[in-house]
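First up is the structure itself, then whatever we jot down about it.
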Amino acid sequence: MVPEVSIIVPVYNVENLLVKCVESILHQTLKGIEIILVDDGSTDNSGKICDELAKRDETIHVIHKENGGLSDARNAGIDIAKGKYIGFVDSDDYIHQEMYSTLLSIMKEKECDIVESGYKEVYDGDQSCYDTYNSSHSIRIYEKQAAVLSTAIDHDCRNYVWNKLYKAELWSNIRFPKGKLFEDVFVTHKVVNLANKVAKVDYPFYYYYQRPNSIVNSKFTANKLDHCEALEQLMKFIEVEYPAFSPVVAIPYFNQCLQHLDKLTVYKKDIENSQVFIEDLTKKILDKKYLAYLKSKEVEKVCNEILGSNARFLLKQKQLIILRLFCLKKSVNMFYAFNQLLGPFKEIIKKLVPIK
C-alpha cells in the first residue's frame, strides 16, 4: 500500500536523541506514515539503533550510507520516498503527536500545496510533546507571490524545511546542495515557488532541540559563509522571478551578510585566510547593484502592500544597515569599531530593530 506521508529523518551521531525523535513520529495520530531513517555514516551507535527501530515497526525503512552531510542524507530519503506528501524531521528534534494529521487536514481543506506549522525551541527535560493541541489557532493562507516573499525575508513563512508538510511532487526536481551549511536557505524558496498556495498555522507542532554543539550554536567558522552564498543565490532568484521584490529582499540580505562580516572581523585570528574572506565578502556587500536597492523608493511601498503592519521590522532593519554600510565604505576597521561600540546596546537595539 502506498503510504500517505513519507517522513525523512537524516541521522548522524545522535544515539542519545534518536529514539525520542522516532517515537514522536511513530505516535502520530495520522496513520499511513512511512519513516525513512538515513544513517549518514554515523560513528556512534545511531546506525544500530536505526536497525533496531526498524525491527520493531515495519513502517520504518533504513538507509545506511557513507557520510555526505545533512543535504546528501535528505536527498537520499527523497529519492526513495513513496508518500503522496513529504515531511522532514531532524534526528535531534521531535514533534507533537497531532502534527501531521493537522497539517494534512489543513492542506486538503484549504487546497494548499504546503502547510507550515509554528515551532518551539526546546531544551533537556522539556515535555512540550504532551501538550494538548488547541484547534482555535489561526490559519493564514498565502498566495504564491506573498508566500515566496515571506519565505525570502524569513518572516511569517520561515525558510526552514522541517516545520512543513509538502505535496511530494514539489520535490521532483529539487534537491539540497551537497556539502553546504544553511541548506534550507538554498532551496526552501524554490519549493515554495512551485506551490499554488501555502497555509501557515501558528501552533508549535515542531520541537527544535537546542544542542550546544549544533551548527547554529557552534563557534563561527569560514564554512558558515555558505549562508552568504545561499542569500546571494536567493537574491538572484528574486531578481529574475520577482524583480519588484528585490528592494525588499535586499534588506535581510544585507542584514545577514553584515552580521557574518562582523563575525569574520571578530574571529579573524582563528580563521585561516580570514583576510581573503573579509575582502571577498566586503566586495559583495558593496556591490553597487545591491546598494541601489536600499535607495529604491519602492521598498516602503512593497513592504506595506505585501506585509502591511509587519513591514515596520524590515524598515527599521534598513536604518541600522545604512549606518553599518556607511562605516564599511570608510573601512573594515571602522565597521569593526562601530560594531564593537554597538555591542553593549544590542539588547536595546533588538527591541527597536528586530534582527533575525
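What you are looking at is a predicted structure, and each value in this text was computed from that prediction instead of being measured.
Checked by atom type, the side-chain pair Ser101/Thr29 shows a donor-acceptor distance below 3.5 Å. For the residue pair Tyr209 / Asp124, a side-chain donor-acceptor distance below 3.5 Å is found, with atom types taken as modelled. Looking only at atom types and distance, the side chain of Asp92 has no donor-acceptor partner in the side chain of Tyr208 under 3.5 Å away. Asn13 and Thr43 share a donor-acceptor pair across their side chains, judged by distance under 3.5 Å alone. Side-chain atoms of Glu239 and Ser246 form no donor-acceptor pair, as typed in the model, at a separation below 3.5 Å. Counting only N and O atoms by type, the side chains of Ser331 and Asn333 include no donor and acceptor under 3.5 Å apart. Side-chain N/O atoms of His64 and Asp51 include a donor and acceptor closer than 3.5 Å. When only modelled atom types and interatomic distance are considered, Asp156 and Ser150 share no side-chain donor-acceptor pair under 3.5 Å.
Side chains of Leu17 and Ser91 form no contact here, defined as non-hydrogen atoms less than 4.5 Å apart. Looking only at side-chain heavy atoms (C-beta outward), Leu104 and Leu165 come within less than 4.5 Å of each other. At a threshold of 4.5 Å between non-hydrogen side-chain atoms, the residues Leu291 and Lys329 count as touching. Put simply, the side chain of Tyr336 reaches to within 4.5 Å of the side chain of Val266, judged on heavy atoms. The closest side-chain heavy-atom distance from Leu328 to Ile285 is below 4.5 Å. For the pair Ile278 and Leu261, the minimum side-chain heavy-atom distance is below 4.5 Å. Side-chain contact between Leu18 and Val22 is present, with heavy atoms from C-beta onward closer than 4.5 Å. The side-chain heavy atoms of Leu149 and Ile238, taken from C-beta on, include no pair separated by under 4.5 Å.
Leu70 and Tyr12 fall into different hydrophobic clusters, where Ile, Leu, Val, Met, Phe, Trp and Tyr residues are linked whenever their side-chain heavy atoms come under 4.5 Å apart, directly or through other members. When hydrophobic clusters are built by joining Ile, Leu, Val, Met, Phe, Trp and Tyr residues whose side-chain heavy atoms come closer than 4.5 Å, directly or via intermediates, Val201 is grouped together with Ile141.
Taking all atoms of both residues into account, the shortest heavy-atom contact from Val11 to Val14 is CG1-CG2, 3.8 Å. Closest approach of Leu314 and Pro252 over heavy atoms only: CD2-CD, 3.9 Å. Residues Ile321 and Asn255 approach most closely at CD1-N, 3.7 Å, considering heavy atoms. When all heavy atoms are compared, the tightest approach of Val192 to Val148 is CG1-N, 3.8 Å. Of all non-hydrogen atoms in Arg324 and Phe335, the two that sit nearest each other are O-CD1, 3.7 Å. The minimum heavy-atom distance between Met99 and Ile95, with the atom names listed, is SD-CG2, 3.6 Å.
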Next on the checklist: ring-ring contact (aromatic ring centres under 6.0 Å, His included) for Tyr85 and Trp171? Distances and angles first, verdict last.
Outcome noted: CA-CA 10 Å; Tyr85 307 92; Trp171 290 93; over 10 Å; no
Checklist entry - So Leu231 and Val249, side-chain contact (heavy atoms from CB on, under 4.5 Å) or not? Walk me through it. => result CA-CA 9 Å; Leu231 291 167; Val249 179; over 6 Å; no
Checklist entry - Between Ile251 and Ile153, does a side-chain contact (heavy atoms from CB on, under 4.5 Å) hold up when you go through it step by step? => result CA-CA 8 Å; Ile251 296 175; Ile153 64 174; over 6 Å; no
Checklist entry - Does the pair Lys197 and Glu143 meet the rule for a salt bridge (charged side-chain N to carboxylate O under 4.0 Å, His left out), with working shown? => result CA-CA 5 Å; Lys197 288 189 297 185; Glu143 300 297 331; 5.2 Å; no
Next on the checklist: One pair to check against ring-ring contact (aromatic ring centres under 6.0 Å, His included): Tyr160 and Tyr206. What are the steps and the verdict?
Outcome noted: CA-CA 11 Å; Tyr160 308 123; Tyr206 192 97; 8.9 Å; no
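Under 4.0 Å is where a charged nitrogen must lie from a carboxylate oxygen, and between Glu116 and Arg158 no such pair does. Under the 4.0 Å criterion applied to side-chain N and carboxylate O atoms, Lys284 and Glu279 are not assigned as salt-bridge partners. Salt bridge status for Asp184 with Arg74: present, with a side-chain N to carboxylate O gap under 4.0 Å. One finds no salt bridge joining Lys84 and Glu4 here, because no Lys/Arg side-chain nitrogen approaches an Asp/Glu carboxylate oxygen to under 4.0 Å. A salt bridge does not link Asp39 with Lys65: every distance from a Lys NZ or Arg NE/NH1/NH2 to an Asp or Glu carboxylate oxygen is 4.0 Å or more.
Ring to ring, Tyr290 and Tyr253 are close: their centroids are under 6.0 angstrom apart. Ring-centre distance between Tyr100 and Phe205: not below the 6.0 Å cut-off. Taking the six-membered ring where the residue is Trp, the centroids of His96 and Tyr203 are separated by under 6.0 Å.
Put simply, CD1 on Ile106 and CD on Glu111 are 14.0 Å apart, with the number rounded to the nearest 0.5 Å. The structure places CG of Leu264 at 9.5 Å from CD of Gln275, a figure rounded to the nearest 0.5 Å. With rounding to the nearest 0.5 Å, the separation of NZ in Lys164 from CG in Leu170 is 12.0 Å. One distance of note links CE of Met235 with SG of Cys228; it measures 13.5 Å at 0.5 Å rounding. To the nearest 0.5 Å, atom CD1 of residue Ile114 and atom OG1 of residue Thr188 are 9.0 Å apart. Rounded to the nearest 0.5 angstrom, Leu30 CG and Leu103 CG are separated by 9.5 Å.
Between Phe88 and Tyr166, the ring planes are perpendicular. Angles over 60° get that label, and only those under 30° would be called parallel.
Using modelled atom types, one side-chain atom of Ser71 and one backbone atom of Pro177 make a donor-acceptor pair closer than 3.5 Å. Side-chain atoms of Asp154 come within 3.5 Å of backbone atoms of Asn159 as a donor-acceptor pair (strictly under, hydrogens ignored). For Ser274 (side chain) and Lys268 (main-chain N/O), a donor-acceptor pair under 3.5 Å exists by modelled atom type. Between the side chain of Lys120 and the backbone N or O of Pro204 there is no donor-acceptor pair closer than 3.5 Å. Side chain of Thr265 to main chain of Asp262: a donor-acceptor pair is present (N/O by atom type, distance under 3.5 Å, no hydrogens or angles). In this structure, Asp40 contributes its side chain and Gly68 its backbone to a donor-acceptor pair below 3.5 Å. Between the side chain of Asp72 and the main chain of Lys178, no donor-acceptor pair closer than 3.5 Å is present. Using a distance-only test at 3.5 Å, with no hydrogens or angles considered, a donor-acceptor pair links the side chain of Ser46 to the main chain of Glu15. At distances below 3.5 Å, not a single donor-acceptor pair connects side-chain atoms of Asn75 with backbone N or O atoms of Arg175. The backbone N or O of Ser24 lies less than 3.5 Å from a partner atom in the side chain of Gln28, making a donor-acceptor pair.
For the pair Lys263 and Phe220, the cation-pi criterion (under 6.0 Å, within 45° of the ring axis) is not fulfilled.
Every residue meeting the side chain to side chain contact (heavy atoms under 4.5 Å, CB included) condition with Asn196, not counting sequence neighbours, appears here in chain and number order: Asp113.
Met334 shares a hydrophobic cluster with Phe326; the chain of contacts runs through ILVMFWY side chains whose heavy atoms sit under 4.5 Å apart.
The only member of Val38, Val62, Ile25 that meets side-chain contact (heavy atoms from CB on, under 4.5 Å) when paired with Val9 is Ile25.
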